[in-house]
Amino acid sequence: MNLLGDHTCCPWSFGAREPAPGGRQAEPAGSQPQKPGMVPPPPGEESQIILLPPGWQSYLSPQGRRYYVNTTTNETTWERPSSSSGIPASPGPHRSSLPPTVNGYHAAGTPAHPPETAHMSVRKSTGDSQNLGSSSPGKKQNKENTITINCVTFPHPDTMPEQQLLKPTEWSYCDYFWADKKDPQGNGTMAGFELLLQKQLKGKQMQKEMSEFIRERIKIEEEYAKNLAKLSQNSLAAQEEGSLGEAWAQVKKSLADEAEVHLKFSAKLHSEVEKPLMNFRENFKKDMKKCEHHITDLRKQLASRHAAVEKARKALTERQRDLEIKTQQLEIKLSNKTEEDIKKARRKSTQAGDDLMRCVDLYNQAQSKWFEEMVTTTLELERLEAERVEMIRQHLCQYTQLRHETDMFNQSTVEPVDQLLRKVDPAKDRELWVREHKTGNIRPVDMEI
């Protein structure tokens, strides 16, 4: 709203003002004072000179919009004064000492809107009514610069300037979850942050289910090892003899060795895979709940500030309407009582304007705080998600490594079996058995008569 540095009047303000220090009207940065009563011709219209009423000068705002200053009363207006306008003086100046802007926000939390933006938001709230500081008809704004959705203010789609992403090319959470999303069930909307939280909690659930899956794998290994050990003690074919009997005995022993390998595998799965997956971020849900409550509280504060702004807009509209009515009554019948009523209405209108500015400032501070917390928190969620994925990847790699080791150990248990099977010699076995169990090598002969 600040057109003249530290000496600016609000579009809704009325009453006497103090002139700028030194008796000169403060000028906007980059503007050149014009001769009284003269306005520089617009581009392409060098031959036209627009005359202003005595005591008025014209300037250009930093946004390139023309405004007018009464050098006697320090009154400022967007509307070109007519020769018959009797614009009342404005009240005391509204000083501005906003700090530099960062990411489109002042350090104190106030958005870095140009004067025209703030003016348009007020003009919209008053229904594009006349500038009450001038008797000339007010001009309607063709487009608004901002739009409020669910108490959050965004650039208007038709006038939206190009915004640079906070983390270009990274598809970062902090760039793509500012708006609310329709609930899939159609029961309202879901905040972008809530969507991110759901992803985090879903990731935690998937991590838990992976741990349960590994636990089932461990049970299978333990049961398998138990059955192998039991089978190795089975007496079936225990009476096989010779080199084949030795190989068969080694087969049964390999089962016992394999059972031991699988028991060790299951124990390592539990300590090196299942347990870390289960215990990783044990308090994650509680931390996410705290985070959700914090952002939700900030959003509620923002909604409360927005409601206060709307209430102040409505109050300002009513005060301006009341002042307009009393001004019209003054034109019909001049009386001291009417003039006093107008002065009182002016004071109330100015106070309503100040209240609106204060409410807008508090709203902007609340939105700035919410914005900063959203950026900080979404980046933290992004980091936590990457950390979770990397943790799971590492432990699944550990699972495959253990699986390879188990296969190697299993292979080592059957190697002795392979060696003995290669040594099986039926002829040798027959020799040994015959030597041990022979009953005589004298063969029968024919009977003689």
Side-chain angles (χ1 to χ4, degrees), residues 199-288 383-430 432-433:
K199 175 174 174 55
Q200 293 290 319
L201 295 175
K202 181 180 179 181
K204 174 64 176 176
Q205 179 62 28
M206 295 303 99
Q207 169 191 323
K208 179 182 178 182
E209 292 181 9
M210 288 180 188
S211 177
E212 293 173 351
F213 180 90
I214 297 298
R215 180 58 190 162
E216 291 300 316
R217 180 74 169 90
I218 292 172
K219 289 181 179 179
I220 292 174
E221 288 295 321
E222 292 175 342
E223 187 67 22
Y224 182 57
K226 179 182 178 181
N227 290 335
L228 284 177
K230 182 179 179 180
L231 184 59
S232 69
Q233 301 299 320
N234 193 289
S235 61
L236 292 174
Q239 297 181 2
E240 179 63 48
E241 300 174 341
S243 59
L244 182 59
E246 293 178 4
W248 176 246
Q250 187 60 46
V251 167
K252 295 168 67 176
K253 183 178 184 302
S254 71
L255 293 183
D257 294 339
E258 188 178 354
E260 185 66 24
V261 169
H262 284 278
L263 280 177
K264 291 180 179 179
F265 176 53
S266 64
K268 286 188 176 183
L269 279 182
H270 173 70
S271 62
E272 299 180 18
V273 181
E274 180 213 1
K275 192 173 181 180
L277 285 176
M278 181 62 72
N279 296 337
F280 183 67
R281 296 178 185 161
E282 293 184 35
N283 298 322
F284 185 75
K285 287 187 177 180
K286 292 182 179 179
D287 294 340
M288 288 299 100
R383 184 191 68 79
L384 291 174
E385 175 67 7
E387 185 180 71
R388 182 189 73 88
V389 171
E390 177 60 20
M391 183 276 300
I392 293 176
R393 186 194 70 81
Q394 290 180 2
H395 285 86
L396 291 182
C397 286
Q398 180 64 13
Y399 165 79
T400 59
Q401 178 64 28
L402 291 173
R403 186 70 179 82
H404 289 315
E405 291 177 359
T406 300
D407 291 341
M408 291 175 59
F409 287 128
N410 283 335
Q411 181 63 31
S412 67
T413 64
V414 297
E415 285 178 359
V417 178
D418 290 335
Q419 293 175 1
L420 289 176
L421 288 176
R422 285 193 293 268
K423 294 179 181 180
V424 171
D425 185 351
K428 184 66 175 176
D429 289 345
R430 186 172 63 251
L432 294 175
W433 189 86

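Counting from 1, the numbers follow the sequence of the chain as shown. Here the structure is a predicted model, which means the values were calculated and not measured.
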State which residues pass side chain to side chain donor-acceptor pair (under 3.5 Å) with [X]; sequence neighbours excluded, sorted by chain then number.
| X | answer |
| --- | --- |
| His395 | none |
| Asp287 | none |
| Glu240 | none |

**OP:** Report the residues that fulfil side-chain contact (heavy atoms from CB on, under 4.5 Å) with Met288, sequence neighbours left out, ordered by chain and then residue number.
**Re:**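 Expected list: Leu197, Gln200, Leu201, Phe284, Leu381, Leu384.
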Original post:
Who pairs with Ala427 by side-chain contact (heavy atoms from CB on, under 4.5 Å), at least two apart in sequence or on another chain?
Top reply: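 Checked Ala427 against side-chain contact (heavy atoms from CB on, under 4.5 Å); matches are Asp425, Arg430.
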Rounded to the nearest 0.5 Å, how far apart are [atom1] of [X] and [atom2] of [Y]?
| X | Y | atom1 | atom2 | value |
| --- | --- | --- | --- | --- |
| Glu274 | Leu277 | CD | CG | 8.5 Å |
| Arg403 | Phe265 | CZ | CZ | 6.0 Å |
| Glu258 | Leu263 | CD | CG | 11.0 Å |
| Leu269 | Lys264 | CG | NZ | 14.5 Å |
| Thr406 | Lys268 | OG1 | NZ | 8.0 Å |

Report, one line per pair, each donor and acceptor closer than 3.5 Å where one atom sits in a side chain of residues 411-424; sequence neighbours left out.
from	atom 1	to	atom 2	distance (Å)
Ser412	OG	Phe409	O	2.5
Thr413	OG1	Asn410	O	2.5

Original post:
Taking only residues two or more places apart in sequence or in another chain, which ones pass salt bridge (charged side-chain N to carboxylate O under 4.0 Å, His left out) with Lys428?
Top reply: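 Scan of Lys428 (salt bridge (charged side-chain N to carboxylate O under 4.0 Å, His left out), adjacent residues dropped) gives Glu431.
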Subject >> Residues which pass salt bridge (charged side-chain N to carboxylate O under 4.0 Å, His left out) with Lys275, listed by chain and number, not counting sequence neighbours >> reply: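 With neighbours one apart ignored, the set is empty.
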Subject >> Qualifying salt bridge (charged side-chain N to carboxylate O under 4.0 Å, His left out) pairs, either residue in residues 387-399, two or more places apart >> reply: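 Salt bridge (charged side-chain N to carboxylate O under 4.0 Å, His left out) check on residues 387-399 returns Arg281-Glu387, Arg383-Glu387, Glu385-Arg388, Glu390-Arg393.
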Original post:
Between Asp257 and Glu260, is any pair of side-chain heavy atoms under 4.5 Å apart?
Top reply: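 Side chain of Asp257 against side chain of Glu260, heavy atoms only: no contact under 4.5 Å found.
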Original post:
Of all residues at least two apart in sequence or in a different chain, which pass the ring-ring contact (aromatic ring centres under 6.0 Å, His included) check with His262?
Top reply: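 ring-ring contact (aromatic ring centres under 6.0 Å, His included) check on His262 returns Tyr224.
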Side-chain donor-acceptor contacts of residues 228-235 below 3.5 Å, not counting sequence neighbours, with atom names and distances?
from	atom 1	to	atom 2	distance (Å)
Ser232	OG	Ala229	O	2.6
Asn234	OD1	Leu236	N	2.8

Subject >> Residue pairs passing the side chain to side chain donor-acceptor pair (under 3.5 Å) test where at least one lies in residues 204-218, sequence neighbours excluded >> reply: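 Pairs touching residues 204-218 that pass the test: Gln205-Glu209, Arg217-Glu221, Arg217-Tyr399.
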